[in-house]
Each structure stands twice: as structure tokens, then as C-alpha cells.
Amino acid sequence: MNDDRTPDEELTPAEERLLALLTLLRAETPRSDRALTDAVLRTARWQLVFLGVFRAVGGFATATVDTLAAIVGIRAGSRGK
């Protein structure tokens, strides 16, 4: 962020408060825990594996239901003739 002020310009009260809050926030930012990061990544990886499996099973189930519906639909339509 560029500051276009000259050195003799003072900050407004709102700007001073903002800088104080940002400084406080910067000081209180916790460090990331390596164990937590590893646990989150492991969970995301196994969920990704299961996502592929569930998509394959869902696709197979959809195809099976569509096929059965087409067969039953054709047979039901042919009986009326």
C-alpha cells in the first residue's frame, strides 16, 4: 500500500484507530500448526478417493435404472398394441 502523504500531514482519528487495530491483529495472528495441516490434508485426500468411487457407483446405478426403465417402458408400451 502506498502512502501519498507528506511527512507533515497527520493521520485522522479513524486512520489512527485503523492502524492500531491492524497492528493488534498482526500481533495476535496464531502460527499454523503442522500437525493440523497434515491432518486436514490427509482428510482431503481420502475424501477425494471416495469421491471418485461414489461417482463411479452413482453413474453405474443411474445407467442401470435408466436401462431398466427403458426395458420396462418398451414392454409396457408393446402390450397395448
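Rounded to the nearest 0.5 angstrom, R26 CZ and L19 CG are separated by 9.0 Å. For the atom pair Q47 CD and F54 CZ, the distance stands at 10.5 Å (nearest 0.5 Å). To the nearest 0.5 Å, the span separating CG on L48 from OG1 on T43 amounts to 12.5 Å. The CG atom of L22 sits 10.5 Å away from the CZ atom of R17 when rounded to the nearest 0.5 Å.
Hydrophobic clustering of Ile, Leu, Val, Met, Phe, Trp and Tyr side chains at less than 4.5 Å, counting indirect connections, keeps V57 apart from V65.
Residues R34 and D38 are paired through a salt bridge, judged by an N-O separation under 4.0 Å between the basic side chain and the carboxylate.
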Quick one, E16 with T12, criterion side-chain contact (heavy atoms from CB on, under 4.5 Å). Give me CA distance, side-chain angles, the key distance, then yes/no. CA-CA 6 Å; E16 289 177 2; T12 65; over 6 Å; no

